[in-house]
Amino acid sequence: MKIIHISDIHIHPEPILGLDPVANFRRCLAHVEDNHPDADRIIITGDLAHRGLAESYAQLREMLSASSLQDERRPRLLIGNHDSREAFLAAFPEVATDANGFVQRTEETGAGTFVYLDTVDAGEHSGRYCAARRQWLDKVLAACRAASRPAWLFMHHNPTAVHVANADRIGIVDEREMKELLSAYRDTIRHMFFGHCHYTLSGSLSGIPFSAPRSTNHTCWPDFSGIAERMGYGELQPNYNVCFLDGDDVVVHSIDFLDEEKVRWLADK
């Protein structure tokens with residue numbers, strides 16, 4: 001199974017840090033359309049809008065509706081800390097929520113169960129995965145285990161510290177409780193996908209592998225100085241990830257979609 005993982009598109013009517021998020025997402029979307037017609041799923045893990053504005057969600061809906069990515073290939077949308085849960089659901093009422101109104105649901109695929117999580121703590125940049133959400137996820141993962149189906153988790157916030165101070169202070173607040181839950185299902189969770197940090201990441205949590213792409217607009221520089229107030233950014237390439245799920249194997253490629261014009265092809269004579 002081939003999936004496209006995009007994150008942190010930050011749709012906004014004005015530039016962000018001197019960059020145009022709408023233009024960059026259009027180029028990202030076009031690159032996916034042109035190069036990955038065989039993708040089975042396209043998933044955007046939050047920060048869909050920069051300030052949660054209704055006009056930003058309306059513009060995102062227009063862009064997605066005008067693209068060739070329809071039906072099974074229509075992007076699955078998650079929310080992040082820059083999003084408004086209410087404004088998002090008003091613009092995308094077809095997106096399912098759980099019994100408590102959180103924007104989380106499951107989808108059965110050929111690779112197993114895709115689990116889309118809502119880690120948003122309204123009004124805060126840090127994330128939260130409260131007791132009600134953990135109870136929902138516990139039931140989902142227990143059902144996957146009982147059916148011997150692998151689970152693939154998608155969320156916005158990093159579920160563990162990444163050792164970059166300005167990211168870790170806005171990670172998931174109840175990290176310990178979430179780790180305990182995830183650890184209990186390490187035999188069932190095959191991989192975790194998230195965003196939020198705006199730089200390429202990979203690693204594992206309690207033995208569960210994870211990966212994250214950069215933002216499609218303002219890529220950040222991982223700074224290990226320990227200074228939480230400092231964030232590095234600039235003319236750094238945005239990207240998205242192309243992920244191949246094949247039985248027990250997972251392969252993740254990072255695609256710097258604005259760099260393709262620099263590629264030169266060496267052909268055999």
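Quantities reported herein were computed from a predicted structural model and do not represent experimental measurements.
Rounded to the nearest 0.5 Å, atoms NE2 (His156) and OG (Ser7) are 6.0 Å apart. Distance check, rounded to the nearest 0.5 Å: OH of Tyr199 to CG of Asp223 gives 8.5 Å. Rounded to the nearest 0.5 angstrom, Leu60 CG and Phe88 CZ are separated by 8.5 Å. Note that CD of Glu229 and CG of Asn166 are 9.0 Å apart. Values are rounded to the nearest 0.5 Å. Note: Ile172 CD1 to Glu177 CD = 11.0 Å, rounded to the nearest 0.5 Å. Rounding to the nearest 0.5 Å gives a distance of 9.5 Å between CG of Asp83 and CG of Leu78.
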His253 vs Tyr240, test: ring pair (Phe, Tyr, Trp, His ring centres under 6.0 Å). Steps then yes/no. CA-CA 8 Å; His253 294 269; Tyr240 63 84; over 10 Å; no
Going through the distances and angles, do Glu175 and Arg128 end up as a salt bridge (charged side-chain N to carboxylate O under 4.0 Å, His left out)? CA-CA 8 Å; Glu175 179 184 322; Arg128 184 171 295 280; over 6 Å; no
I would like to know whether Lys2 and Asp40 meet salt bridge (charged side-chain N to carboxylate O under 4.0 Å, His left out); could you show each step before the answer? CA-CA 5 Å; Lys2 179 181 181 180; Asp40 297 290; over 6 Å; no
Might you work through the salt bridge (charged side-chain N to carboxylate O under 4.0 Å, His left out) test for Arg176 and Glu180, ending with a clear yes or no? CA-CA 6 Å; Arg176 179 181 62 81; Glu180 288 176 356; 3.0 Å; yes
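Between Asn158 and Gly171, the shortest heavy-atom contact is OD1-CA, 4.0 Å. Here the closest non-hydrogen pair linking Ile16 and Pro21 is CD1-CG, 3.8 Å. Between Gly207 and Ser204 the shortest heavy-atom distance is C-CB, 4.2 Å. Taking both residues in full, the closest heavy atoms of Leu53 and Pro13 are given as CD1-CD, 4.3 Å, listed atom of the first, atom of the second, then distance. Thr216 approaches Cys28 most closely through the heavy-atom pair CG2-SG, 3.9 Å. Here the closest non-hydrogen pair linking Pro150 and Ala111 is CG-O, 3.2 Å.
The environment of CD in Gln237 is crowded: more than 12 heavy-atom neighbours from other residues, nucleotides or ligands sit within 6.0 Å. For Glu94, the CD atom counts as densely surrounded, since its 6.0 Å shell holds more than 12 non-hydrogen atoms of other residues, nucleotides or ligands.
One side chain, Thr200 or Asn239, offers a donor N or O that lies under 3.5 Å from an acceptor on the other. A side-chain donor-acceptor contact under 3.5 Å links Lys179 and Thr160. Defined by atom type and a distance below 3.5 Å, a donor-acceptor pair is missing between the side-chain atoms of Ser211 and His5. Counting only N and O atoms by type, the side chains of Glu62 and Tyr57 include no donor and acceptor under 3.5 Å apart. Side-chain atoms of Asp168 and His163 form no donor-acceptor pair, as typed in the model, at a separation below 3.5 Å. Side-chain N/O atoms of His196 and Asp47 include no donor and acceptor closer than 3.5 Å.
Checked against ring-ring contact (aromatic ring centres under 6.0 Å, His included), His50 has the following partners two or more places apart in sequence or in another chain: His10, His12, His82. Among residues two or more places apart in sequence or in another chain, the ring-ring contact (aromatic ring centres under 6.0 Å, His included) test is passed with Tyr116 by Phe154. For Phe210, the ring-ring contact (aromatic ring centres under 6.0 Å, His included) partners are Phe194, not counting sequence neighbours. Under the rule for a ring-ring contact (aromatic ring centres under 6.0 Å, His included), Tyr233 has no partner lying at least two apart in sequence or in another chain. In this view, Asp34 satisfies the salt bridge (Lys or Arg N to Asp or Glu O under 4.0 Å) rule with no residue, not counting sequence neighbours. Listed by chain and residue number, Leu137, Ala151, Leu153, Tyr185, Ile189 satisfy the side-chain contact (heavy atoms from CB on, under 4.5 Å) test with Leu141 (two or more places apart in sequence, or in another chain).
For the side-chain hydrogen bond (donor to acceptor under 3.5 Å, both in side chains) condition, the pairs that include at least one residue of residues 17-30, sequence neighbours left out, are Asn24-Asn217. The stretch residues 63-80 participates, sequence neighbours left out, in these salt bridge (charged side-chain N to carboxylate O under 4.0 Å, His left out) pairs: Arg41-Glu72, Glu72-Arg76, Arg76-Glu107. For residues 150-165, no pair satisfies salt bridge (charged side-chain N to carboxylate O under 4.0 Å, His left out), with sequence neighbours left out. Listed by first then second residue, pairs satisfying salt bridge (charged side-chain N to carboxylate O under 4.0 Å, His left out) with a partner in residues 136-163 read Glu108-Arg149, Arg145-Asp187, not counting sequence neighbours.
Val115 and Met1 are members of different hydrophobic clusters when ILVMFWY side chains are connected at heavy-atom separations under 4.5 Å. Cluster annotation: Ile3 and Val250 are assigned to the same hydrophobic cluster (Ile/Leu/Val/Met/Phe/Trp/Tyr, side-chain heavy-atom contacts under 4.5 Å, transitive). Hydrophobic clustering (side-chain heavy atoms under 4.5 Å, transitive across Ile, Leu, Val, Met, Phe, Trp, Tyr) keeps Ile43 apart from Val32. No chain of hydrophobic side-chain contacts below 4.5 Å, direct or via other Ile, Leu, Val, Met, Phe, Trp or Tyr residues, connects Ile44 to Phe193. If you chain together hydrophobic residues whose side chains sit under 4.5 Å apart, Leu17 and Ile9 never meet in one group.
Between the side chain of Ser56 and the backbone N or O of Ile11, at least one donor-acceptor pair lies under 3.5 Å. A donor-acceptor pair under 3.5 Å is formed between the side chain of Gln70 and the backbone N or O of Ser67. The backbone N or O of Ala91 lies less than 3.5 Å from a partner atom in the side chain of Arg61, making a donor-acceptor pair. A donor-acceptor distance shorter than 3.5 angstrom exists from the side chain of His157 to the backbone of Gly127, with no hydrogens or angles considered. Side-chain N or O atoms of Arg190 include none that pairs as donor or acceptor with a backbone N or O of Ile208 at under 3.5 Å. Judged by distance alone, the side chain of Arg85 and the main-chain N or O of Val120 form a donor-acceptor pair under 3.5 Å.
Think of Ile170 as one node in a network of Ile, Leu, Val, Met, Phe, Trp and Tyr side chains linked at under 4.5 Å; it has no links at all. Through ILVMFWY side-chain contacts below 4.5 Å, Val173 is grouped with nothing and stands alone.
Between Asp8 and Arg214 no salt bridge is recorded (no basic side-chain N to carboxylate O distance below 4.0 Å).
Not less than 6.0 angstrom separates the ring centroid of Phe25 from the ring centroid of His31.
Because its NZ or CZ atom is both nearer than 6.0 Å to the ring centre of Phe102 and within 45° of the ring axis, Arg133 counts as a cation-pi partner of that residue.
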